[in-house]
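Sequential numbering from 1 along the given sequence is applied to the chain's residues.
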Amino acid sequence: MADWHRVAAEADLAENMPLGIRIGDLQVAVVKLEDGIFAVNDVCTHEYALLSDGYCEEGKLECPLHQACFDIRTGAALNEPAEVPVATYRVKVEGGEVFVEA
């Protein structure tokens with residue numbers, strides 16, 4: 001069973017600016033978009049790089065290493081060289097605090 005982990009204050013998240021966080025050994029990228037806050041595994045599935053070091057625009061999170069893009073809402077790999085999606089995690093906001101289920 002997964003647990004909810006506080007990862008940030010909602011006020012600390014800027015739109016389209018990925019925030020890399022750790023939950024134990026798990027690396028997660030949290031991104032605030034116009035329509036909500038989303039979380040995906042922070043490690044690119046093509047080659048090791050932190051997606052939170054990349055760029056986010058129009059719901060796409062771009063890997064800083066080889067420019068593979070992932071849909072921040074679904075985790076889907078959108079272009080080569082990535083072919084495998086990244087895991088997604090449920091997010092909730094309570095009392096201005098952001099929680100990720102992992």
Side-chain angles (χ1 to χ4, degrees):
M1 178 181 229
D3 293 318
W4 289 98
H5 302 270
R6 184 203 174 278
V7 296
E10 185 177 18
D12 291 341
L13 296 176
E15 195 168 314
N16 292 317
M17 297 296 296
L19 173 67
I21 56 102
R22 291 185 70 91
I23 300 172
D25 292 334
L26 183 64
Q27 294 179 257
V28 177
V30 178
V31 181
K32 179 179 181 178
L33 300 180
E34 186 176 299
D35 62 336
I37 299 172
F38 301 88
V40 298
N41 191 288
D42 198 13
V43 179
C44 181
T45 58
H46 167 251
E47 192 169 323
Y48 187 88
L50 296 179
L51 297 175
S52 60
D53 288 339
Y55 182 71
C56 185
E57 184 176 68
E58 297 178 2
K60 297 180 226 172
L61 187 55
E62 183 177 301
C63 176
L65 193 57
H66 294 116
Q67 289 70 52
C69 288
F70 299 88
D71 185 309
I72 195 66
R73 294 173 182 88
T74 67
L78 300 174
N79 64 291
E80 294 184 350
E83 297 177 353
V84 177
V86 291
T88 61
Y89 305 99
R90 292 183 359 163
V91 176
K92 69 179 179 180
V93 179
E94 291 182 349
E97 302 295 324
V98 179
F99 296 85
V100 171
E101 185 180 39

Participant: Between Ala102 and Leu26, which heavy-atom pair has the shortest distance, and what is it?
Facilitator: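 Closest pair (atom of Ala102, atom of Leu26, distance): CB-CD2, 3.6 Å.
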Participant: Hey, any chance Val31 and Ile37 share a hydrophobic cluster, counting ILVMFWY side chains that come within less than 4.5 Å of each other, even indirectly?
Facilitator: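 Per the 4.5 Å side-chain linkage, Val31 and Ile37 are not co-clustered.
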Participant: Not counting sequence neighbours, list each pair that qualifies as a salt bridge (charged side-chain N to carboxylate O under 4.0 Å, His left out) and has a residue in residues 85-102.
Facilitator: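 Checked against salt bridge (charged side-chain N to carboxylate O under 4.0 Å, His left out) - neighbours excluded - the pairs reaching residues 85-102 are Arg6-Glu97, Arg90-Glu101, Lys92-Glu94.
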Participant: Who clusters with Tyr48? Use side-chain heavy atoms, under 4.5 angstrom, across I, L, V, M, F, W and Y, and order the result by chain and number.
Facilitator: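 Tyr48 clusters with Val43, Leu50.
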Participant: Kindly compute the distance separating CG (Asp53) from CG (Leu65), expressed to the nearest 0.5 Å.
Facilitator: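 The CG atom of Asp53 sits 10.5 Å away from the CG atom of Leu65.
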Participant: Would you indicate whether the side-chain heavy atoms of Val30 and Val91 approach each other to under 4.5 Å?
Facilitator: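 When only atoms from C-beta onward are counted, Val30 and Val91 do not touch, as no gap falls below 4.5 Å.
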Participant: Using modelled atom types and a 3.5 Å cut-off, is there a donor and acceptor pairing between side-chain atoms of Asp42 and backbone atoms of Ser52?
Facilitator: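 Checked: pair present.
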Participant: The criterion is ring pair (Phe, Tyr, Trp, His ring centres under 6.0 Å); which residues satisfy it with His5, sequence neighbours excluded?
Facilitator: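 Partners of His5 by the ring pair (Phe, Tyr, Trp, His ring centres under 6.0 Å) criterion come out as none, since no residue qualifies.
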Participant: Test Val40 against every option in Thr74, Thr88, Val28 by the side chain to side chain contact (heavy atoms under 4.5 Å, CB included) rule and name the one that passes.
Facilitator: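 Only one option passes, and that is Thr88.
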Participant: Do the non-hydrogen side-chain atoms of Leu61 and Pro18 ever get within less than 4.5 Å of each other?
Facilitator: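 Yes - at least one pair of side-chain heavy atoms lies under 4.5 Å apart.
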Participant: Which pairs, with at least one residue in residues 50-97 and sequence neighbours excluded, count as a ring pair (Phe, Tyr, Trp, His ring centres under 6.0 Å)?
Facilitator: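 Passing the test, one end in residues 50-97: His46-His66.
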Participant: Is Leu13 reachable from Ile23 through a run of hydrophobic residues whose side-chain heavy atoms are each under 4.5 Å from the next?
Facilitator: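 Same cluster: Ile23 reaches Leu13 through Ile, Leu, Val, Met, Phe, Trp or Tyr contacts under 4.5 Å.
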Participant: Would you say Val86 ends up clustered with Leu33 if hydrophobic residues are merged whenever their side chains have heavy atoms under 4.5 Å apart, either directly or through other cluster members?
Facilitator: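 Looking at the clustering, Val86 is in the same group as Leu33.
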Participant: Test of understanding: clusters of I, L, V, M, F, W, Y form through side-chain heavy atoms closer than 4.5 Å, transitively. Do Ile72 and Ile21 belong to the same one?
Facilitator: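 No, because Ile72 and Ile21 fall into different hydrophobic clusters, even though each may have its own neighbours under 4.5 Å.
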Participant: Please collect all salt bridge (charged side-chain N to carboxylate O under 4.0 Å, His left out) contacts where either partner lies in residues 9-35, sequence neighbours excluded, each pair once.
Facilitator: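 Of all non-adjacent pairs touching residues 9-35, those that pass salt bridge (charged side-chain N to carboxylate O under 4.0 Å, His left out) are Asp35-Arg73.
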Participant: List the residues meeting salt bridge (Lys or Arg N to Asp or Glu O under 4.0 Å) with Glu83, not counting sequence neighbours, and say none if there are none.
Facilitator: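 Salt bridge (Lys or Arg N to Asp or Glu O under 4.0 Å) list for Glu83, sorted by chain: empty.
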